[in-house]
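Notes follow once the structure below has been shown.
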Amino acid sequence: MATISISEARSHVGEEVTLQGWLYNKRSSGKILFLQVRDGSGVLQAVVAEPDNPNLFAVANRLPRETSLRVTGTLREDRRAPIGCEMQLGSLEVIQEPTEDFPIELKEQTPGFLMDHRHLWIRTGSQVPMLRISDATFRAFRTFFYERGFVATEAPILTGASVEGTTTLFELDYFGEKAYLSQSGQLYLEATAMALGRVYWIGPAFRAEKSKTRKHVTEFWIAEAEMAFVDHRANLALQEDLVRHIVESVIKERKDELGQLKRDVDQLLEEVRGPFPRIDYGDAVKLLQEKGHEVSFGDDFGAPEEETLGNHFKKPVFIERFPVGMKPFYMKRDPRDLSRALAADLIAPEGYGEIIGGSQRVDTVDELLRQLDENHLPREPYEWYIDLRKYGSVPHSGFGMGLARVVTWICGAAHIREVIAFPRQINRLYP
RNA sequence: UCCUCGGUAGCUCAAUUGGCAGAGCGCUCGGCUGUUAACCGAAUGGUUGGAGGUUCGAGUCCUCCCCGGGGAGCCA
């Protein structure tokens with residue numbers, strides 16, 4: 001007899017199978033008992049009636065939620081079941097019966113309580129589909145680059161210098177020296193791109209910003225790519241292809257999970273259909289002013305501005321060519337207007353905020369030294385980075401994508417903390 | 001760091017002008033042969049975040065502190 005996962009149940013209708021999982025919930029009506037069994041791949045209902053098997057009924061009837069168990073029975077089609085089939089329970093083996101009541105209820109609970117029990121919360125409700133969609137998103141990113149001949153590479157997490165001097169970093173002691181947790185692998189990817197041509201990686205990034213919003217965590221996984229011989233416009237084209245690829249493949253692979261989340265998949269598909277608008281920073285400022293926002297040229301856009309832009313275009317939108325003062329030292333200036341950087345942010349629709357930041361990089365020593373000076377950054381920790389411009393420098397571009405932000409958007413989740421298994425927030429380091 | 005709203009049963013929330021601390025859910029028990037966060041009935045469950053103050057009397061008013069939610073700035 002086959003041991004299968006619940007996601008495979010549909011194709012085993014009519015067979016006797018064994019499932020291993022946990023008791024998610026239990027309902028009864030008189031002499032019929034319904035066990036909701038979950039195994040991580042889905043939830044399936046096992047049914048037992050008392051007259052058919054009084055002993056089995058009695059055992060099953062007193063099991064508490066989250067009992068780990070093995071159930072064996074015959075699968076049969078049933079239109080009333082959410083997944084189209086259910087199990088006629090034949091036998092049941094308890095692996096462990098919980099020693100205490102499971103604290104997560106299948107009712108509304110407050111975020112604070114749920115976050116305190118994050119290790120248990122992830123077993124319930126929409127958390128499982130969201131984590132599975134997160135998996136699909138990570139994989140779609142890697143597949144996209146693998147299929148295009150990019151080389152997966154690495155960047156260190158422990159660093160001696162910051163990527164952007166302005167952002168707050170987590171500082172730690174490194175054998176008596178100051179070290180920082182990486183906030184981006186970009187500078188190192190620029191080096192590996194000069195070795196390997198076109199590279200990508202997914203790794204953790206840390207920001208010691210005291211942000212407390214639905215879009216922010218202090219630790220998140222960043223997906224970055226860096227390409228030699230690629231300019232600003234080609235960079236944007238690749239980002240657009242990437243985002244479309246991710247959304248389309250996640251929808252294809254995780255249709256059931258998106259359905260469980262009641263995500264409007266048609267809207268999501270429509271959002272990535274056709275070219276993404278590319279709007280000059282200056283035009284974006286004008287558009288926002290017309291829509292009543294109090295922004296002036298040189299201001300960064302906040303969450304309300306990003307939401308307005310997303311609602312206006314109903315698609316991911318590139319804001320490009322920012323004033324150089326707003327952007328970090330490594331971005332190349334637009335040769336046609338040296339006050340602007342060859343950079344773009346990609347703003348997700350529906351108010352999910354910035355999902356990509358990218359640019360063409362400075363590729364000459366003089367330019368790099370000047371921009372380090374203008375940003376009041378010391379040259380010494382960047383000597384190796386400056387070296388990259390000394391030995392056969394080429395035009396190159398890259399970008400970084402916040403994977404959890406993309407997952408939040410795809411899921412239609414209310415908060416980024418829901419799509420990360422153990423999110424690190426300003427006031428949460430446990431569990 | 002700032003703004004804002006909160007903290008009452010295991011959970012989610014009520015509590016009139018300052019006047020007996022309550023309900024739903026969960027757990028337990030009972031009922032129901034198709035339940036979908038089942039439903040119906042019963043029982044259980046309290047240091048009202050902490051310290052101090054005002055008052056005959058404080059969950060409620062005052063002061064300070066702690067914790068949480070939402071947002072801003074900054075960013076992906």
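No experiment lies behind these values; they were computed from the predicted model shown. Heavy-atom basis, side chains included; hydrogens, waters and symmetry copies ignored. Protein chains get the first letters and strands the later ones, always in sequence-line order, with residue 1 at the start of each.
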In whole angstroms, the gap separating P of B/G68 from NE2 of A/His117 amounts to 14 Å
Between B/G68 (P) and A/Arg214 (CZ): distance, integer Å: 20 Å
Would you mind listing every salt bridge (charged side-chain N to carboxylate O under 4.0 Å, His left out) that reaches into residues 409-431 of chain A, with sequence neighbours excluded? A/Asp116-A/Arg428
Nucleotides 40-47 of chain B: protein proximity per nucleotide (B base, S sugar-phosphate only, - neither; heavy atom, under 4.0 Å): --------
A/Arg417 side chain N/O closer than 4.0 Å to the phosphate oxygens (OP1, OP2) of B/G68? no
Holding to salt bridge (Lys or Arg N to Asp or Glu O under 4.0 Å), I want the full list of residues that pass it with A/Asp256, two or more places apart in sequence or in another chain. none
A/His216 vs B/G71: side-chain N/O to OP1/OP2 distance below 4.0 Å: no
Spell out protein contact along nucleotides 27-35 of chain B as letters: B when the base is contacted, S when just the sugar-phosphate is, - when no protein heavy atom is under 4.0 Å; keep the 5' to 3' order. S----BBBB
Quick one: label A/Arg79 by what it contacts on the DNA or RNA (base, sugar-phosphate, nothing), any heavy atom closer than 4.0 Å. nothing
Phosphate contact (B/G73 OP1 or OP2) by A/Arg207 side-chain N/O below 4.0 Å: no
Sequence neighbours excluded, which residues qualify as ring-ring contact (aromatic ring centres under 6.0 Å, His included) partners of A/His415? none
Paired runs of 3 or more consecutive Watson-Crick or G-U pairs involving RNA chain B, with both pairing distances under 3.5 Å, are B:1-7 with B:66-72, B:10-13 with B:22-25, B:28-31 with B:39-42, B:49-53 with B:61-65
